[in-house]
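Report on the following structure.
Owing to the predicted nature of the structure, the values given are computational and were not obtained by experimental measurement. Below, each value reflects all heavy atoms present in this structure, side chains not excepted, and no hydrogens, waters or symmetry copies. Just so we're on the same page: letters track the sequence lines, and every chain starts at 1.
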Amino acid sequence: MKLEAFLIPEDVPSAKSALKRLGEKGFAMAGGTSLHFLAVSGKTAVDLSRLDLSGIRRKGGVFHVGATTTLDELMRDQGPGWVLDQVARHTSTQQIRNVSTLGGNLVRVFPWNDFPVALLALDATLCIEGVREKAYPADVYFDGQPFRLFEAGHLLTRVEVPALKRHQGFAYHKEVRLNAGFSLMTAAARVAVKAGRIAEVRLAAGAAISLPARLPRVEAALEGRPAGDARIEEAVATGASGLAWKGKEGMSDAYAAHLGRVVLADVLAAALRQAEGA
Amino acid sequence: MKPLHEIRFTLNGEPREFLVSPDDKLLEVLRREGLTGAKHGCGTGSCGACTVILDGRAVYACLLYAFQAEGRSVETIEGIGGFDHPHPIQKALVEGGAVQCGFCTPGMVLSAKALLAGNPHPSDEELKVHMDGNLCRCTGYEKIEAALRRVIAAGGAR
């Protein structure tokens, strides 16, 4: 991205005011690492990285994660029920993780973004602050490009991530060609088991489909089944059929579909094992 | 021509001022100042040859805009050691045969320094994770890793 100017506001109200004033010419940035992929010019960058929008605090059963929290901080163990370290660890390289932020992964969703898939599976809530704060469940936030929810002067301020409870399991997998490469297929699952049965499944995929999304037909095929006879592959085969898989980097669409089924089954199996306490 | 802006940051321990264009990347500003230890390798935030330390953390200078360093502290390879007084990491890499063409070496040194400043005794996994942003086409990495392990064992990472 070619910048016309930059502003370094001292506080959140100044940042919001600057973005509102700039309108289409304003551009909120924190780490700025994704700007490299945006072929636009003439924008004024509003640097959010020095505002009080970072940090991770646990309130009851929910982690409140500031939007400008770096991926490096997300990689660190935050205590029982914290799972986003699994995602952060596999995102890019340490130099990127040291400046890239959670918010930067969520405001503009590129197909390869890692965190939207995880947050869909975790039933997270994303908070946008304009004049007032509005909280969006992940299912709503990611039902399209998120910037549709923002007006000039609005900021993503934090993400509320439920801590994983007992009898819940979470798994995340990203298929890449190179260790630090963009994802070719991403999947995340959260599974809850009660009284030996699968009580709840939240399954999301990304990268090989146009936007991160949940797979409700797979979820429905699994919920209620005995945990010991989940028939995961069967559920994935029928529930994920009909999705518009898209291969990348020389991969055919048909192979992407096959890879998708394998990865989805893997994350479901891993999450189920954790939920059962295996 | 875009107007130039004055930015201030601490560079290798000294407060400095620079006139920059909004588009200028930190790497360009450093190299214009004669600090050519940070290299233009890939220019896309992948190879690590441009690595510098910003507020104690290894970053890609080719991706960061110069203004992102405003008010912060930047360390380059020139600031941590040289021929007369090499940093222990530099010394270990040279003595361990872990330098061939040398193009990746400044970035390797700085990434390692940043890691060890915060975690003097990283596990093998932690070392691999924190060095995953520095590529080397020459050495195959084993001698680099071995040299870093010797530095860690000697406790001489600072």
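When heavy atoms are compared at a cutoff of 4.5 Å, B:L115 does not approach chain A at all. For chain B, no part of A:T70 is nearby; none of its heavy atoms comes within less than 4.5 Å. Residue B:E126: no heavy atom, backbone or side chain, is found under 4.5 Å from chain A. Residue B:L110 does not touch chain A at all, counting heavy-atom pairs closer than 4.5 Å. Contact of B:S111 with chain A is made through the side chain alone, with heavy-atom distances under 4.5 Å.
Within 6.0 Å of the CD atom in A:E151, the count of heavy atoms belonging to other residues, nucleotides or ligands does not exceed 12. Around the NZ atom of A:K248, the shell of radius 6.0 Å holds more than 12 heavy atoms that belong to other residues, nucleotides or ligands. Atom CZ of A:R108 sits in a crowded spot, with more than 12 heavy atoms from other residues, nucleotides or ligands closer than 6.0 Å. Counting heavy atoms of neighbouring residues, nucleotides and ligands inside a 6.0 Å radius, atom CD of B:E14 does not exceed 12 of them. Within 6.0 Å of CD in B:E142 there are 12 or fewer heavy atoms belonging to other residues, nucleotides or ligands.
Between the side chains of A:Q94 and B:N134, no donor-acceptor pair of N or O atoms lies under 3.5 Å.
Residues A:D72 and B:H130 have side chains in contact (heavy-atom distance under 4.5 Å, counting atoms from C-beta outward). You'll find the side chain of A:I96 reaches within 4.5 Å of the side chain of B:L63, heavy atoms only. Considering only heavy atoms from C-beta on, B:Y65 comes within 4.5 Å of A:L35 through its side chain. Contact check for B:V129 versus A:M75: side-chain heavy atoms found under the 4.5 Å cut-off.
For the atom pair B:T51 OG1 and A:N98 CG, the distance stands at 10.0 Å (nearest 0.5 Å). The CD atom of A:Q95 sits 12.0 Å away from the CG atom of B:L54 when rounded to the nearest 0.5 Å. Between B:E70 atom CD and A:R50 atom CZ the span is 6.5 Å, to the nearest 0.5 Å.
Taking 4.5 Å as the heavy-atom cut-off, none of the residues of residues 110-122 of chain A approach chain B.
Under the 30°/60° scheme for interplanar angles, the aromatic rings of A:F6 and B:F67 are found to lie parallel.
When all heavy atoms are compared, the tightest approach of A:E4 to B:P22 is O-CG, 3.2 Å. When all heavy atoms of B:G133 and A:T93 are compared, the pair lying nearest together is CA-CB, 3.4 Å.
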